[in-house]
Amino acid sequence: MAQPLFRAPVGTRDILAPASSRRRRLVDVFADLAGRSGFGLLESPIFEELGVFQRLGADNDVVTKELFEFFDKGEPPRHLALRPELTASVCRAFAEHRPTVPWKIWYSGPQFRYERPQAGRYRQFDQVGVETLGTDDPHADVEVVGLGVRFYEELGMKQVRLLINSLGDADSRPVYDAALAAYLQRRRDELSEQSRVTLERNPLRVLDSKREQDRPVIAEAPVMADFLSGASADHFQAVTAGLDSLGAAYEVSPRLVRGLDYYTRTTFEFVADALDTAQNAVGGGGRYDGLVEELGGPATPGIGFALGVDRILLACDAEGAFSDEPSPVDVFVVDVAGGTSAVMLCDRLRRAGLGVDRAFDGRSMKAQMKRADRSGAAVAVIVGPDEKAAGEATVRDMRPGGGQRQVPEPGVVAAVTEMLAGAVS
RNA sequence: GUGGCCGUAGCUCAGUCGGUUAGAGCGCCGGGUUGUGGUCCCGGAGGUCGGGGGUUCGACUCCCCUCGGUCACCCCA
């Protein structure tokens, strides 16, 4: 093949129409839902000072191995990184601006992680998300989680499961961590080699292992639920009770720990059962009560989630939800009389608010009609030498069995509008 | 970062034990008498067989390297 000189970098890709408009519609659905729920849009930089992300956890792959880092031309150079996620940026923005609480924001946009691509995983990927900062009211948890549930519903997805757990607070978590570490150490020999390494770095993460060998050990591991402080247990209870009142189905998943280290108390994940790939988590989030403080702000509780746009779309494909919308083109203008009429008619029809397209290069009538057909337009406006001479245009119904009529040029918009309003399949 | 599989037209693929001008479907372009799409028919354009090296009289076919894709691990949305 003729070798292109360049191609999209590994793990990135061009998204062409109509897939691109479908993505945009998905974000629109989310934006609408978040907006109606009192969340305002936060637009934050695509890159931040490296330190912002390093607060996510020193032994986390996302910040240790997967960061796109670079230096700018400052003197001295600033150490920057493309954002691997957005919660840290949100907390940084909160610490910087000190908005009145509760601060409820939503976001969408690309994020970057230097990983090997695979199904549902890209180096540049898109997420939508919400965050509520400044309150640890369990009802805020319910609002956030419930928003996620309703979003999938609005997309028409049916095979999404909500997994939820509590990781405990600053009082209970260390006790559990110690108990878990002790337990895992005791059965260390039964663990996979990988998990033994993980055990040294972060015992909690061992629970995340997908390796068959680790299953028995994980199955019998102590669960956080037994170590929750009274306050944490009450909080979790209130959250699940709230979800019950929403009629939102969920599964308490004692071993759900999630990847980022900053999570406390409520953690949750949305799993798409329609996806038979390894990457079947279409969203996840939780509470991060210490993160703002980590970033130099006032002690501020927070909760939020991020949903993976790419994976959601994959899951939608798998279960046949949120399909492509029909063509945005209502009318196609065919001009075989020099083309000047098309220039004018397209403009006039577009100004009337209609979706209008046309052909170029003075193609034959047959060719232009074919284009009109492919465009999905319900109506074609045809101008040939006869119409041109008479100062008229033919308005043709492209739908099966549709007829056509010739109208004076000034009446084209009205005739088209009328035809579009008429019997539609 | 590690491993498996794959790499032939824009897309999806076929290509016999290595043997002449590398094929199909879809898409694209044109045509099927004088101005009309969708079905049908005819024709056409389009490929240095991912790239490089090697083996051979001869490589799309075999070997090595490399790049890319894909899937899994890891990690995560």
* To do: Whole angstrom is fine here: how far is it from CE in A:Met398 over to C1' in B:rU39?
  => 14 Å
* To do: Using the P atoms only, state how far B:rU16 lies from B:rU8, rounded to an integer number of Å.
  => 15 Å
* Worked check of side-chain hydrogen bond (donor to acceptor under 3.5 Å, both in side chains) between A:Ser89 and A:Glu48 -> CA-CA 8 Å; A:Ser89 295; A:Glu48 298 267 359; 3.1 Å; yes
* Asked: Which is true for A:Pro84 with a 4.0 Å heavy-atom rule: it touches a base, it touches only sugar-phosphate, or it touches nothing?
  -> nothing
* In plain terms, say whether A:Arg113 and A:Glu69 are close enough for a salt bridge, that is, a side-chain N and a carboxylate O under 4.0 Å apart. => no
* Asked: Which part of the nucleic acid does A:Ala372 contact within heavy-atom distance under 4.0 Å: base, sugar-phosphate only, or nothing?
  -> nothing
* To do: Please name the residue in the list A:Phe322, A:Phe270, A:Phe30 that meets the ring-ring contact (aromatic ring centres under 6.0 Å, His included) test with A:Tyr152.
  => A:Phe270
* Rounded P spacing from B:rC11 to B:rG7 in Å -> 15 Å
* Given B:rC28, B:rA77, B:rC75, which nucleotide is nearest the side-chain atoms of A:Gln127? -> B:rA77
* Asked: When we call it a touch if two heavy atoms are under 4.0 Å apart, what does A:Phe270 touch: a base, just sugar-phosphate, or nothing?
  -> nothing
* Decide yes or no for A:Phe332 and A:Val379: does some side-chain heavy atom of the first lie under 4.5 Å from some side-chain heavy atom of the second? => no
* Asked: Is the shortest side-chain N to carboxylate O distance from A:Glu392 to A:Arg405 below 4.0 Å?
  -> no
* Asked: Are the side chains of A:Met344 and A:Glu409 in touch, meaning some heavy atoms are under 4.5 Å apart?
  -> yes
Indicate every side-chain donor-acceptor pair of residues 304-319 of chain A with a distance under 3.5 Å to a residue at least two apart or in another chain.
residue: A:Asp310; atom: OD1; partner: A:Arg13; partner atom: NH1; Å: 3.3
residue: A:Asp310; atom: OD1; partner: A:Arg13; partner atom: NH2; Å: 3.0
residue: A:Asp310; atom: OD1; partner: A:Arg23; partner atom: NH1; Å: 2.9
residue: A:Asp310; atom: OD1; partner: A:Arg23; partner atom: NH2; Å: 3.4
residue: A:Asp310; atom: OD2; partner: A:Asp126; partner atom: N; Å: 3.1
residue: A:Arg311; atom: NE; partner: A:Gly120; partner atom: O; Å: 2.6
residue: A:Arg311; atom: NH1; partner: A:Ala281; partner atom: O; Å: 3.1
residue: A:Arg311; atom: NH2; partner: A:Gly120; partner atom: O; Å: 3.3
residue: A:Asp317; atom: OD1; partner: A:Arg22; partner atom: NH1; Å: 2.9
residue: A:Asp317; atom: OD1; partner: A:Arg22; partner atom: NH2; Å: 3.0
residue: A:Glu319; atom: OE1; partner: A:Lys158; partner atom: N; Å: 2.7
residue: A:Glu319; atom: OE1; partner: A:Gln159; partner atom: N; Å: 3.4
residue: A:Glu319; atom: OE2; partner: A:Gln159; partner atom: N; Å: 3.1

* Asked: Can you check the A:Tyr263 OH to B:rC75 P distance for me, whole Å?
  -> 16 Å
* Asked: Given that A:Met365 and A:Asp276 both sit by RNA chain B, which one's nearest nucleotide is further toward the 5' end?
  -> A:Met365
* Using a 4.0 Å heavy-atom cut-off across all strands, classify A:Glu85 as base, sugar-phosphate, or nothing. => nothing
* Separation of A:Arg123 atom CZ from B:rU70 atom P, in whole Å? -> 11 Å
* Asked: To the side chain of A:Arg371, which of B:rC28, B:rA72, B:rC76 is closest?
  -> B:rC28
* Asked: Given the P atoms of B:rA59 and B:rG3, what is the spacing between them in whole Å?
  -> 32 Å
* To do: Tell whether A:Arg121 reaches the base of B:rC71 with its side chain through a donor-acceptor pair below 3.5 angstrom.
  => no
Below 3.5 Å between N/O atoms, which protein atoms pair up with nucleotides 66-69 of chain B? Just atom names and distances, please.
residue: B:rG68; atom: O2'; partner: A:Arg7; partner atom: NH1; Å: 2.9

* Structure fact -> Of B:rC28, B:rC73, B:rG35, the nucleotide closest to the side chain of A:Thr394 is B:rG35
* Who does B:rG25 pair with, Watson-Crick or G-U, both distances under 3.5 Å? -> B:rC11
* Structure fact -> From CZ of A:Phe125 across to P of B:rC75 the rounded distance in Å is 16 Å
* Got a donor-acceptor pair under 3.5 Å from the side chain of A:Gln404 to the base of B:rG37? -> no
* **Any N/O donor-acceptor pair, A:Arg205 side-chain to B:rC74 base, under 3.5 Å** => no
* Asked: Within the structure, does a side-chain N or O atom of A:Gln118 lie under 4.0 Å from either OP1 or OP2 of B:rA72?
  -> yes
* **Minimum heavy-atom distance between A:Ala140 and A:Arg287, given as atom pair plus value** => CB-NH2, 4.4 Å
* Note: A:Asp32-A:Arg36 ion pair, threshold 4.0 Å (strictly below) -> yes
* Whom does B:rC73 pair with, Watson-Crick or G-U wobble, provided both distances fall under 3.5 Å? -> B:rG1
* Within the structure shown, what part of the strands sits under 4.0 Å from A:Gly129 by heavy-atom distance: base, sugar-phosphate, or nothing? -> nothing
* To do: Whole angstrom is fine here: how far is it from OH in A:Tyr122 over to C1' in B:rC71?
  => 12 Å
* **Rounded distance in Å between the P positions of B:rC76 and B:rC64** => 36 Å
* Say you pick atom P in B:rG35 and the same atom in B:rC41; how far apart are they, in whole Å? -> 26 Å
* Asked: How long is the line joining CG of A:Asp373 and P of B:rG38, in whole Å?
  -> 6 Å
Any protein N or O atoms within reach of nucleotides 30-33 of chain B? Criterion: under 3.5 Å, listing atom names and distances.
residue: B:rG30; atom: OP1; partner: A:Arg363; partner atom: NH1; Å: 3.3
residue: B:rG32; atom: N7; partner: A:Lys366; partner atom: NZ; Å: 2.9
residue: B:rG32; atom: O6; partner: A:Lys366; partner atom: NZ; Å: 3.0

* NA contact type, A:Glu387, heavy-atom cut-off 4.0 Å: base, sugar-phosphate, or nothing? -> base
* Nearest-nucleotide comparison on RNA chain B, the residue closer to the 5′ end among A:Gly384 and A:Glu66 -> A:Gly384
* Asked: If you measure from the C1' atom in B:rU56 to the same atom in B:rG18, how many Å do you get, rounded?
  -> 9 Å
* Asked: Which part of the nucleic acid, if any, lies within reach of A:Arg116 when heavy atoms closer than 4.0 Å are counted: base, sugar-phosphate only, or nothing?
  -> base
* Taking the side chain as every heavy atom from C-beta outward, state whether A:Asp289 and A:Thr300 have any pair of such atoms under 4.5 Å apart. => no
* **Whole-angstrom distance between B:rA24 and B:rC65, as gauged at atom C1'** => 33 Å
* Ionic contact status for A:Glu154 with A:Arg150, cut-off 4.0 Å -> no
* A:Arg374 has an atom CZ; how far is it from atom C1' of B:rU36, in whole Å? -> 15 Å
* Within the structure shown, what part of the strands sits under 4.0 Å from A:Val282 by heavy-atom distance: base, sugar-phosphate, or nothing? -> sugar-phosphate
* To do: Answer yes when A:Glu220 and A:Arg187 have at least one side-chain N-carboxylate O distance shorter than 4.0 Å, and no when they do not.
  => yes
* **Options B:rC29, B:rU36, B:rC76, nucleotide nearest the side-chain atoms of A:Arg113** => B:rC76
* How would you label the contact of A:Asp386 with the nucleic acid (heavy atoms, under 4.0 Å): base, sugar-phosphate, or nothing? -> base
* Asked: If the P atom of B:rG46 is compared with that of B:rG10, how far apart are they to the nearest Å?
  -> 11 Å
* Can you tell if the side chain of A:Arg255 reaches within under 4.5 Å of the side chain of A:Ile218, non-hydrogen atoms only? -> yes
